[in-house]
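Structure record follows, encoded as structure tokens.
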Amino acid sequence: MEEFQEQVELFKKSLFKNLHQRLIKDEINISQYEKYMTVAYSVVDTMIENWMNTQNLYAIKKPKRVFYLSMEYLIGRSLSNALICMGLYDIAKEALLEWGYDLEELMEQEVDAGLGNGGLGRLAACFMDSMANLGIPAHGYGLHYEYGMFNQYIEGGKQVEKPDTWKSVPYPWEANRFTHKQTVHFGGNVTRVAGGETSPSVWEKYDDVLAVAKDIPIPGFKFGNVNVLRLWSAQATEEFNLADFDKGDYIAACERQVESENITKVLYPNDSKFEGKMLRLKQEYFLVSASINDIVQRFLREHGRDKLGEFHNYVAIQLNDTHPALAVAELMRIFIDVYNFDWDKAWSIVKKTLAYTNHTLLPEALEEWPVDFVEKLLPRHMEIIYQINYFFLKEVSLKYPGDVDKIRRMSIIGEDGQRRVRMANLAVIGSHKVNGVARLHSELVKQVLFNDFYEFTPEKFINVTNGITPRRWIMSANKDLTNLINEAIGDDWTYNFEEIKELEKFADDKSFCEKWAEIKHKNKIKFSLYLQYSTGVPVNPDTMYDVQVKRIHEYKRQLLLALYAINRYLFIKDNPSTSIVPRTIMIGGKAAPGYKNAKLIIYFINKVSEMVNSDRDMKGKLRVLFLPNYRVSLAEHIMPAVELSEQISTAGYEASGTGNMKMSLNGALTIGTLDGANVEIRERVGEENFFLFGSTVEEIAELRKENYAPKNFISKSKALQSIIRLIDVDFFSQDEHGVFDFIVDELLNRDKYMIAADFEDYARAQREVDKLYLNKEEWTKKSILNVARCAYFSSDRTIEEYNKLIWNASPVLLEKQNG
Ligand code: 26Q
């Protein structure tokens, strides 16, 4: 206790020091944001020593290092997580209290670092956390977008995008590494020095852009390790400015400066469709070139030029989807043109260094860059890609002589129509391991997406099921549940998450169950207060919280939930005196700005919401809400309050999903299809603790083969007929005749994602949900079992698997800090 009070005093000192010296303020007239910054700086101060010690330790030990390359990191806020990792949460809370401030209130001041779209970006952030937690010598590389994921507003029911100005206030969590710069080349031309196709070339007359490092510290919890996420920011070079300015054309020089700095201006906001914009290609190469050069330079510093042939023994590079796939060509270029390795030697090192994670089966999301784009921007890389392809296809045709179709399919260059560079083929060919992100997904990767490659090199293809970090998603987001778990089973689970299984013993403990249910209810109240204050919308915590939050996409079938909401609406209308489990259906998520159908779905949900919520017959029985601006910080508020987790994608389309894990680990029950990681969640929690519905992957394939006609299913469903009729007669769009025609037409005539085929079974599963909800004890028991049995979905487990199956790095631990 005394020690605690001492630490509180120390923290207070640190607060005052930072307030004075960094914010240059005294205690009068401090804004809320300045108070938050004062706390943040004080926490950063405590991390700096571990940060430097960790990096120095790595430099001394010279271990194999892991480099994670990703175009996206959806970090969200950092304060709460950092306090927990540094063991400072209660200390800071008390210090602030004595100063007269509320920590939780100040935490709300922090902006989200929203440098990602959705699942893939959030996964990268969870992985950074777990790598630090496990003491793996790892570095993240990404881009420092000036504008991250847009802010979503709903105006007249429609999505409106506003820029995310997260950099308009000082951001305390990054260090400006202005001496750590890399120069990235674009354009120019290539001349061969001597020799054949595999010998070095000289790339010249290119334009240069500087990549300046901004480093974000990533603290672990179990040990004191602090790893670094390095984000590159584009800056014009001085030399090239000078040349231009000397010519006397000041404006032209400024324009070129602005153009090069545009590279890291904005995150592309689409997460499920490839958009072949030149600026995006520039971004991808900018990340790749700056990072790979940084990695090679660090290697040379640490191991020397003589060891370069053993590069792969000290460096593992993980490609987060194909977005950084140019790393294959960039590494080859460096080994061949700069260090004069012969082709075969270089190629063998590159393959042993790189590994690639696939996150999607959607054909429209696969990156295929027009050859003339790549040629223009990266002439030397295009040459190398041709050469890689030439050797690879030679091998393929040795194994399958005369199989021209196979060779056409496996080529890096797509020849139909405009010639394109298939980044997925490049990534597969240049990697020693390729993984999917859930068991089912990895099977489909092998059997469908990359079947030719799988048959060619089966040992290359593996599964590593996704996970989420329990630090942010339980310990930080759900502090009351964390305390209850600690009371019951101690805090071992916070260091070794498998220990959460010990909770299972308490699933039949009546008093524990009551406390568990109480906390869920408290979390529901908290969320309703948060919503009330942030959006002005009241929610009744005595209704079931039925939630679907994720990016809006047709395959995720938010429309299925909206149709089901109408179904409940109609039931209540028709049976006004029948009692029904009261529900609040909440749907949240952003639509890519150019994705018309997704935007229409948002509008539709909002119109249904208007109709339902204004109907007095629905009072206390049904509310439908669209939650605006779903993002990491909102996710942290809602996860602890969810009771029913909607994971209802068409089987075979959701690679994994990670929101499903977040909800389950916060005690929600899942209603879901056999898609992505749902399959594994259900397997682990037990089928009796999961509401399964819908067609399987095989059944979906069968339906497609037989020319799926939604009308065959609609004709058998009175409910669907009534719902569609209501939409068709403009019930939800009375002053806008026909706005939802597209939805009606899609449902009746195409129904690409087979909503009609799954609707009745979904309604059946929802009846099971209602039935169970009436039995509060049973529901609570299942909720506890969901948490107790989901240890597998910790990203610590995921990272351990990546390390065992792909990286083979050894942890280098700073002295134990917690536990
Ligand atoms: C590509 C080229 C040009 C512009 C944008 C893109 C682009 C950007 C982001 C393409 C895809 C993405 C993001 C994909 C994504 O988030 N996939 C999700 O990854 C999660 C983590 O593995 C899975 O859980 C989800 O199932 C999957 O949809």
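Computed from a predicted structure; not experimentally measured. One-based numbering, in listed order, for ligands and for the atoms of each.
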Taking the six-membered ring where the residue is Trp, are the ring centres of [X] and [Y] under 6.0 Å apart?
{"X": "F127", "Y": "Y802", "answer": "yes"}
{"X": "W473", "Y": "H637", "answer": "no"}
{"X": "Y653", "Y": "H553", "answer": "no"}
{"X": "W369", "Y": "F274", "answer": "yes"}

Of the protein's non-hydrogen atoms, which lies at the shortest distance from [atom], and what is that distance?
{"atom": "atom 18 (C) of ligand 1", "value": "L120 N, 4.0 Å"}
{"atom": "atom 13 (C) of ligand 1", "value": "D271 O, 3.2 Å"}
{"atom": "atom 24 (O) of ligand 1", "value": "G657 N, 2.8 Å"}
{"atom": "atom 9 (C) of ligand 1", "value": "E72 OE2, 3.2 Å"}
{"atom": "atom 10 (C) of ligand 1", "value": "H323 NE2, 3.6 Å"}

Inset, instruction - Could you tell me whether the side chain of D751 and the main chain of E746 form a donor-acceptor pair under 3.5 Å? - result: no

Any nitrogen or oxygen of [X], side chain or backbone, less than 3.5 Å from one on ligand 1?
{"X": "E654", "answer": "yes"}
{"X": "N270", "answer": "no"}
{"X": "N466", "answer": "yes"}
{"X": "V437", "answer": "no"}

Inset, instruction - Taking the six-membered ring of F150 (Phe, Tyr or Trp), confirm whether the NZ or CZ of K590 is under 6.0 Å from its centre and within 45° of its axis. - result: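 That pair qualifies as a cation-pi contact.
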
Inset, instruction - For the pair F186 and Y285, name the ring-plane relationship: parallel under 30°, tilted 30 to 60°, perpendicular over 60°. - result: perpendicular

Legend entry - Residues K265, E261: salt bridge by 4.0 Å N-O rule: no

Legend entry - Salt bridge flag under 4.0 Å for residues R419 and E415: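 Yes, R419 and E415 are salt-bridged.
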
Could you tell me, atom by atom, which parts of ligand 1 come under 4.0 Å of a heavy atom of [X]?
{"X": "E367", "answer": "2 (C)"}
{"X": "Y555", "answer": "28 (O)"}
{"X": "A655", "answer": "26 (O)"}

Compare [options] and give the one whose heavy atom is closest to [atom].
{"atom": "atom 6 (C) of ligand 1", "options": "Q283, M661, R280, E275", "value": "R280"}
{"atom": "atom 2 (C) of ligand 1", "options": "W369, F274, Y653", "value": "F274"}
{"atom": "atom 22 (O) of ligand 1", "options": "H359, R122, H553, H441", "value": "H359"}

Inset, instruction - Please examine the side chains of F793 and T465, heavy atoms only from C-beta on, and report whether any two atoms are closer than 4.5 Å. - result: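 Side-chain contact under 4.5 Å: yes.
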
